[in-house]
2 protein chains.
Amino acid sequence: MEHAQAAYQRSEDVCINDLAKLRSVGRETWEAGLGQSRRHRINAHEVLFYEGDTAERLYEVVSGVIMLYKLLPDGRRQVVYIVREGDMLGFSRHSEYDCTAEALTDTELVVIEAREAEASAQMQSHINKCLLLQMENLHEHTVLLGRKSALERVSTFLMSLVPNRGGNGCEGPAEEGRPDTRTVVLSMTRQEIADYLGLTIETVSRVVSQLKKRGLIKVEKQDSIHIANICGICQLTGIH
Amino acid sequence: MEHAQAAYQRSEDVCINDLAKLRSVGRETWEAGLGQSRRHRINAHEVLFYEGDTAERLYEVVSGVIMLYKLLPDGRRQVVYIVREGDMLGFSRHSEYDCTAEALTDTELVVIEAREAEASAQMQSHINKCLLLQMENLHEHTVLLGRKSALERVSTFLMSLVPNRGGNGCEGPAEEGRPDTRTVVLSMTRQEIADYLGLTIETVSRVVSQLKKRGLIKVEKQDSIHIANICGICQLTGIH
DNA sequence: TGGCGTTTTTGATCTAGATCATGTCTAACT
DNA sequence: AGTTAGACATGATCTAGATCAAAAACGCCA
């Protein structure tokens, strides 16, 4: 299973929860088929829509990162999904969004009117592929939240930022001797990471410190982590 | 938001994470359009497919309950979804199932060849609706796993078995004076519930005992719980 | 109806991670 | 370069839920 889908992920810089396959039926294809396709830009920390808003539009992320979260009435927050380039958001089963969508970075989006999306078969097929991707990612994240330790959660999160590595389609380290290394940009604060991983900010911070002390990572900027030993982190994700 | 979808849920015995709307484009409609549509029956605790199996078929649950779960290599298990009547399973982004599907009760299924499903527009639309439903349920469950206490998790689980109550579309108790009461069938062992809620079997058992002591529920059989005060349980779900 | 394996409940103890409390770093301004 | 507010790290303590260990209840078949 580990290497089963390597064929889909040969391109370059494809993350685990990423989109090589989506791209093959991506924007270029369906955008032409739409009557009008508008673009929209939002800045980091702006809200695109709130949970409960009337769901009239879908969005595809052209560049940037968006988080979807839900709040409990007492203020507890859970980030339920991270939407990256090529992925979509704004799906709704009835008339309202079930999550709030907030930009983690400056973001460029394609706006798709829900009415129009329903009419286009190509669009429907694209939506379908995005939904299947999101389902798989959510299943994986459910395991993380239900059964993994803090160390495993943070390690899994770091691995999810390394293209072509960890979980399905892992290519293993490059040839012998090459350093098994990569710098990843988090584009999330410790609080946002905590709310994504079902932890507190302090626990996230402590795990990061522990990985640093073990020499597995180096914190370059708050937002940017150099992974000194990718396989080492991967061993801590709980999937081995 | 609370009462927004009441219109969809008027029929009778429709659970929160249930399917009033799906039924309107349900089996009757698309089954006729398929070349052949086979039925399949499996017994409680039989496995329909394993994680990693080649994904050639979709299934719709006609009667019974199926759980989808994932295992970590050391044996930890997380139940990621419960598939009930009218809902579908067997979705896959590439060639393999990402979860194991095991029957909780004796189950009757409609079998749909993946190739055929792709060809039928009606089927596609039905699949799409199921995916949207599952996404919403997964988002909700993500909040439960990431942020809710054991008491809140078990209460939420119980409420999910009460038709038309809890969360969206809650109708509130019947008229004044009517007992706010219902017997629900779990169709899951304590271990399966624990693996669904991200708890241990002992914690589930203790919370159930606590609810019993508080007079909110009565355990009729191991598998069957009488909720003596539905609103009382709902108050414990964390969503108020 | 009685025996037995399985599931569930209950109790005692332990611990990972939360919570509470400071201290330190960073980055954006003067 | 110096100031400052927000983000991050670290330390001390607490606790919800896990773990370990029996006991009790269930349900099944002879």
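All of these numbers come straight from a predicted model, not from anything done at the bench. Within every chain, numbering begins at 1; the chains are lettered A, B, ... in the order of the sequence lines, protein sequences first and strands thereafter.
- Distance from the side chain of B:Ser149 is smallest to D:dG17 among D:dT19, C:dA18, D:dG17.
- In the interface, the side chain of B:Arg206 is paired with the base of C:dG11 through a donor and an acceptor atom under 3.5 Å apart.
- Residue A:Thr189 places no side-chain N or O under 4.0 Å from the OP1 or OP2 atom of D:dA7.
- Residue A:Gln222 has no polar side-chain atom (N or O) positioned under 4.0 Å from OP1 or OP2 of D:dA7.
- Remark: the A:Gln191 side chain and the D:dC8 base include no donor-acceptor N/O pair separated by less than 3.5 Å.
- One interatomic measurement links the two molecules: CG of A:Asp223 to C1' of C:dC25, which rounds to 15 Å at whole-angstrom precision.
- Note on B:Asp195 versus B:Arg190: no salt bridge recorded, every NZ/NE/NH1/NH2 to OD/OE distance being 4.0 Å or above.
- Here the P atom of nucleotide D:dC8 and the CG atom of A:Asp195 are 12 Å apart, to the nearest Å.
- The side chain of B:Ser209 places an N or O atom within less than 4.0 Å of a non-bridging phosphate oxygen (OP1 or OP2) of C:dT10.
- Dashed line: the shortest gap from a side-chain N or O of B:Thr203 to OP1 or OP2 of D:dG17 is not under 4.0 Å.
- For A:Thr200, whose side chain is taken as the heavy atoms from C-beta onward, the closest listed nucleotide among C:dT8, C:dT19, D:dT19 is C:dT19.
- Mapping A:Ala150 and A:Glu220 onto DNA chain C by nearest heavy atom places A:Ala150 at the nucleotide closer to the 5' end.
- The residue among A:Arg147 and A:Met188 whose nearest nucleotide of DNA chain D is located toward the 5' end is A:Met188.
- Donor-acceptor pairing under 3.5 Å is lacking for the side chains of A:Gln78 and A:Tyr69.
- With hydrogens and angles left out, the side chain of A:Glu202 and the base of C:dC20 share a donor-acceptor pair within 3.5 Å.
- As rounded to whole Å, 16 Å separates atom P of D:dC8 from atom CG of A:Leu211.
- For the pair A:Lys212 NZ and C:dC25 C1', the computed distance is 10 Å after rounding to whole Å.
- Separating the CZ atom of B:Arg190 from the P atom of C:dT6 is a distance of 19 Å, rounded to the nearest angstrom.
- Atom pair B:Ile201:CD1 and C:dT10:C1' shows a separation of 13 Å (rounding to whole Å applied).
- If you check the side chains of A:Gln134 and A:Asn137, you find no donor sitting under 3.5 Å from an acceptor.
- In this structure, A:Asp74 pairs ionically with A:Arg76, as a charged nitrogen and a carboxylate oxygen lie closer than 4.0 Å.
- Taking atom CG of residue B:Leu236 and atom C1' of nucleotide D:dA16, one finds them 16 Å apart after rounding to whole Å.
- Put simply, CD on B:Gln210 is 11 Å from P on D:dA16, counting in whole angstrom units.
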**Study point:** Stepwise salt bridge (Lys or Arg N to Asp or Glu O under 4.0 Å) check, B:Lys70 with A:Glu140
**Key:** CA-CA 8 Å; B:Lys70 287 168 82 80; A:Glu140 201 61 62; 3.5 Å; yes
